[in-house]
Amino acid sequence: MTDFDLKEKFKTLRREGAALPKTFCDLGVAFWLLNPDEAKHEPEYLSERYLHTKSISKKALAAYAEKRLKEYKLEALFRDVELPLIPILAEMELRGIAVDRKALQALDAELGKKITALAKDIYRTAGGPFNINSPKQLGQILFEKLAISGEGVKKTKGGAVSTNIDTLMTIKERHPIVKYILEYRELFKLQSTYVKPLQELADTNGRVHTTYLQTGTSTGRLSSQNPNLQNIPTGGEWANRVRSVFVPEKGYAFVSFDYSQIELRVLASLCGDPQMIKAFTEGADIHRLTAANVFNVPIANVTPEMRRLAKTLNFGVVYGMGAQAFAKTSGLSFTEAKKFIDEYFHDFAQVKTWQEEIKAFARTHGYVVNRNGRRRLLLHATSMFRGEAAEAERAAINMPVQGLAADIVKIAMVNVAAEIRRRKWDDAVRMLLTIHDELLFEVRKDILKEAIGVIQPIMERAYTLEVPLTVNVKTGTTWGDLA
DNA sequence: CGCATACGCGCC
DNA sequence: AAACGGCGCGTTTGCG
């Protein structure tokens with residue numbers, strides 16, 4: 001079977017109780033691999049774009065895709081990872097994940113009361129009602145009507161005063177209304193983005209079914225929509241209440257498996273930095289190591305504050321962060337931030353070397369590839385607009401890292417699914433969600449321990465890097481209380 | 001009225 | 001002066 005959007009077709013077949021084809025080829029996925037930034041993957045568009053004809057021939061498109069996948073050395077990734085993933089995603093989407101509708105209803109009501117009360121506080125303090133959800137109106141109230149000092153407050157792209165979290169935090173002590181706004185924002189966000197939609201989207205069995213977009217990112221990751229189950233709040237009291245509405249079926253427990261520092265391990269492997277490799281190989285705390293290096297202190301003398309900064313630095317490096325951004329997220333001055341970044345690249349020189357190499361590659365070739373041949377076009381790498389070129393360079397630095405991490409998770413999903421099938425655990429061990437570096441399962445309680453013993457090593461051996469992959473396992477009775 | 005955009009914010 | 005990679009989605013606002 002050769003077609004576009006096979007996942008949807010597989011779902012239909014499964015709903016009808018029909019068997020899935022043994023061999024299949026998804027042209028949408030194929031063309032996405034060839035150029036993941038291509039917005040459209042419909043046959044009409046692709047025929048015209050690549051075959052220069054208005055007539056649509058799946059055969060011709062398939063032949064073309066096959067030729068190009070071979071040329072780009074993407075066949076293995078396509079055949080062994082992306083294609084086998086399709087029926088797995090179809091199964092996950094069909095299965096869905098259960099939400100506790102009573103708990104959602106109660107949370108909705110509770111949030112509603114809190115939000116109403118906060119709105120009253122805000123109107124009273126502001127001297128009259130306005131639309132708190134309108135950044136424009138809020139900005140006028142804060143900086144004109146209440147005349148709060150706008151010192152140190154950034155403007156938005158459109159030129160208006162920003163009212164985002166950062167702004168509100170900096171002016172928090174300048175007026176009592178600000179802390180009401182902050183709390184209102186948090187609760188309104190939770191209610192409107194999560195609590196209300198989840199109730200709408202739950203089916204008659206109380207399960208919500210996300211849709212995974214296999215061709216939705218430029219780096220190789222999956223994305224999730226309608227609802228997006230990859231951005232459910234985590235941490236914080238209210239966020240945890242939201243997460244806790246996700247529950248396993250009766251007789252099952254949730255088990256989550258998350259890769260520890262997968263992107264940093266990938267980075268260490270790609271650049272071959274001896275210190276980083278040693279740290280991961282020995283199971284050391286990478287953020288402590290970084291802190292010890294950039295602060296020039298022994299590991300034992302690293303304070304929590306030093307570690308916190310080092311952690312920000314480590315993540316930032318993967319994204320191609322500059323001093324400005326580091327200063328902003330860390331609270332350091334620009335000069336201090338720059339000093340630490342320079343120190344970081346001095347201590348981890350191979351990271352710098354690798355970044356320069358990949359940037360040069362992007363400039364020379366107009367694209368980058370990761371270890372599995374996954375590619376991303378970056379035609380702006382040679383742009384004469386500095387901002388545009390810098391953006392492409394950051395993408396060049398990030399894609400091989402994020403993309404390889406994505407490959408590893410996908411390979412793990414394929415291998416785990418195969419083992420579940422081999423053991424005839426299809427109904428007992430259900431892969432429910434994939435959240436970039438984490439897989440969430442619901443597992444029948446009687447085989448909980450056994451299933452963990454099977455899944456964890458498969459994930460840890462999914463891919464061979466220069467450093468070990470480690471997977472943390474947690475279990476729980478809701479998604480909010482995994483331990 | 002629907003639609004696109006700006007803004008803001010949730011996650012990895 | 002200088003915006004760190006990748007996403008999806010809510011509300012508001014202005015447009016046709």
Side-chain angles (χ1 to χ4, degrees), chain A residues 36-37 130-139 154-168 181-182 184-198 200-201 210-213 215-236 238-239 242-243 258-264 266-267 312-330 334 337-338 341 355 358 368 376 378 386-388 390-403 405-406 409 433-439:
Chain A
D37 284 295
F130 63 101
N131 189 341
I132 308 166
N133 297 322
S134 162
K136 189 177 169 187
Q137 292 184 41
L138 180 59
K154 294 276 191 325
K155 295 263 207 279
T156 66
K157 197 165 44 140
V161 265
S162 172
T163 66
N164 68 16
I165 285 268
D166 286 339
T167 298
L168 296 180
I181 306 269
L182 280 164
Y184 174 94
R185 276 258 175 93
E186 180 193 355
L187 302 190
F188 191 88
K189 172 86 178 179
L190 293 179
Q191 188 187 44
S192 64
T193 307
Y194 303 102
V195 174
K196 293 223 178 272
L198 284 175
E200 298 280 328
L201 292 168
T210 189
T211 300
Y212 289 105
L213 303 187
T215 60
T217 71
S218 306
T219 57
R221 275 187 177 180
L222 296 165
S223 71
S224 155
Q225 71 174 194
N226 196 16
N228 181 355
L229 294 181
Q230 293 179 325
N231 74 343
I232 301 300
T234 164
W238 286 100
V242 173
R243 199 160 262 245
D258 74 284
Y259 281 105
S260 167
Q261 331 254 29
I262 190 167
E263 290 193 345
L264 283 176
V266 166
L267 175 65
T312 307
L313 202 44
N314 275 330
F315 283 112
V317 164
V318 177
Y319 302 149
M321 179 174 66
Q324 198 71 38
F326 182 44
K328 196 178 159 193
T329 42
S330 63
F334 178 87
K338 179 155 185 347
I341 291 177
Q355 291 190 345
I358 196 79
V368 291
R376 178 175 186 186
L378 291 170
R386 305 175 81 85
E388 223 171 55
E391 194 178 337
E393 288 187 342
R394 292 192 298 270
I397 287 171
N398 179 258
M399 183 273 173
V401 177
Q402 187 181 123
V409 176
L433 302 180
T434 169
I435 310 150
H436 309 307
D437 64 352
E438 170 187 1
L439 299 178

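The basis for the numbers below is simple: all heavy atoms, side chains too, and nothing from hydrogens, waters or symmetry mates. Proteins get letters first, then strands, A, B, ... in listed order; numbering begins at 1 in each.
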**Q.** By side chain to side chain contact (heavy atoms under 4.5 Å, CB included) - contacts of A:Ile165 (at least two apart)
**A.** A:Met169, A:Leu182
Q: Only counting residues at least two apart or in another chain, list the ones meeting side chain to side chain contact (heavy atoms under 4.5 Å, CB included) with A:Ala406.
A: A:Arg221
Q) To the nearest angstrom, how far is A:Phe130 atom CZ from C:dT12 atom P? A) 12 Å
Q. Looking only at atom C1', what distance separates B:dA4 and C:dG6, rounded to whole Å?
A. 23 Å
Q | Rounded distance in Å - NE2 (A:His436) to C1' (C:dG8) | A | 10 Å
Q. More 5' along DNA chain C: A:Thr193 or A:Phe315, using each one's nearest nucleotide?
A. A:Phe315
Q) Taking only residues two or more places apart in sequence or in another chain, which ones pass side chain to side chain contact (heavy atoms under 4.5 Å, CB included) with A:Lys338? A) A:Ala323, A:Phe334, A:Asp342
Q: Look at all strands and tell whether A:Phe326 reaches a base, only sugar-phosphate, or nothing, counting heavy atoms closer than 4.0 Å.
A: nothing
(Q) If I take atom CE in residue A:Met321 and atom C1' in nucleotide C:dG5, what distance separates them, rounded to the nearest angstrom? (A) 11 Å
Q.
I'd like to check the side chain to side chain contact (heavy atoms under 4.5 Å, CB included) partners of A:Lys136; sequence neighbours left out, ordered by chain and number.
A. A:Ser134, A:Gln140
Q: Name the nucleic acid region contacted by A:Gln137, choosing base, sugar-phosphate or nothing; use a 4.0 angstrom heavy-atom cut-off, strictly under.
A: sugar-phosphate
(Q) Regarding A:Gln225, tell me which of base, sugar-phosphate or nothing describes its non-hydrogen contacts under 4.0 Å with the strands shown. (A) sugar-phosphate
Q: For nucleotides B:dC7 and C:dA2, find the distance between their C1' atoms and express it as a whole number of Å.
A: 22 Å
Q) Could you state the CG-P distance from A:Leu190 to C:dG10, rounded to the nearest angstrom? A) 14 Å
Q | Below 4.0 Å: OP1/OP2 of C:dC7 and any side-chain N or O of A:Ser224 | A | no
Q. If the P atom of B:dG10 is compared with that of C:dA3, how far apart are they to the nearest Å?
A. 23 Å
Q. Over how many whole Å does the gap from A:Glu388 atom CD to C:dA3 atom C1' extend?
A. 15 Å
Q) For A:Ile165, which contact category applies under a 4.0 Å heavy-atom criterion: base, sugar-phosphate, or nothing? A) sugar-phosphate
Q) From C:dT13, C:dG8, C:dT12, pick the nucleotide closest to the side chain of A:Asn131? A) C:dT12
Q: Indicate, with a heavy-atom threshold strictly under 4.0 Å, whether A:Arg185 touches base, sugar-phosphate, or nothing.
A: sugar-phosphate
Q. Please, which pairs that meet salt bridge (Lys or Arg N to Asp or Glu O under 4.0 Å) have at least one residue in residues 222-235 of chain A, sequence neighbours excluded?
A. none
Q.
Over all strands shown, is A:Gly316 touching base, sugar-phosphate only, or nothing at heavy-atom distances under 4.0 angstrom?
A. base
(Q) Would you say that A:Leu378 contacts A:Val368 through its side chain, given a criterion of any heavy-atom pair below 4.5 Å between the two side chains? (A) yes
Q: Convert the base pairs of DNA chain C into dot-bracket notation, remembering that pairs crossing earlier ones are written with [ ] and that bases paired across to another strand are shown as |; include only Watson-Crick or G-U pairs under 3.5 Å.
A: ....|||||||.||||
Q) For A:Arg394, what residues pass the side chain to side chain donor-acceptor pair (under 3.5 Å) criterion, not counting sequence neighbours? A) none
(Q) Is there, by distance only and without an angle test, a donor paired with an acceptor across the side chain of A:Arg394 and the base of C:dG5 below 3.5 Å? (A) no
Q: Could you tell me whether the side chain of A:Glu393 and the main chain of A:Gly320 form a donor-acceptor pair under 3.5 Å?
A: no
Q) Nearest-Å distance, CG (A:Asn133) to C1' (C:dC9)? A) 14 Å
Q. Are any of the side-chain heavy atoms of A:Leu229 and A:Ile435 separated by less than 4.5 Å?
A. no
Q | Between C:dG5 (P) and A:Asp37 (CG): distance, integer Å | A | 14 Å
Q: Would you indicate which nucleotide in C:dT11, C:dA2, C:dG5 comes nearest to any side-chain atom of A:Tyr319?
A: C:dG5
**Q.** Whole-Å gap separating P (C:dG6) and CD (A:Gln230)
**A.** 16 Å
**Q.** P atoms of B:dC3 and C:dG10, separation to the nearest Å
**A.** 16 Å
(Q) Need one value for A:Ser162: base, sugar-phosphate or nothing, where a base atom within 4.0 Å counts as base even if backbone is also close, heavy atoms only. (A) sugar-phosphate
Q: State which residues pass salt bridge (charged side-chain N to carboxylate O under 4.0 Å, His left out) with A:Lys154; sequence neighbours excluded, sorted by chain then number.
A: none
**Q.** Set of salt bridge (charged side-chain N to carboxylate O under 4.0 Å, His left out) partners for A:Lys196, sequence neighbours left out
**A.** A:Asp108
Q | Range on DNA chain B touched by chain A, heavy atoms, distance below 4.0 Å | A | B:dC7 to B:dC12
Q. At under 4.0 Å, does any side-chain N or O of A:Ser218 touch on OP1 or OP2 of C:dC7?
A. yes
Which atom pairs link the protein and nucleotides 14-16 of chain C when you take only N or O atoms and keep those under 3.5 Å?
unit_1 : atom_1 : unit_2   : atom_2 : d
C:dG14 : OP1    : A:Lys136 : NZ     : 3.0

Q) With a non-hydrogen cut-off below 4.0 angstrom, is A:Ile397 in contact with a base, only sugar-phosphate, or nothing? A) nothing
**Q.** Minimum-distance pair of heavy atoms, taken over all atoms of A:Pro400 and A:Ile358
**A.** CG-CD1, 3.9 Å
Q: Provide the full list of side chain to side chain donor-acceptor pair (under 3.5 Å) pairs with a residue in residues 312-326 of chain A, sequence neighbours left out, each pair given once.
A: A:His287-A:Asn314, A:Thr290-A:Asn314
Q. Any side-chain heavy atom of A:Thr210 within less than 4.5 Å of one from A:Asn228?
A. no
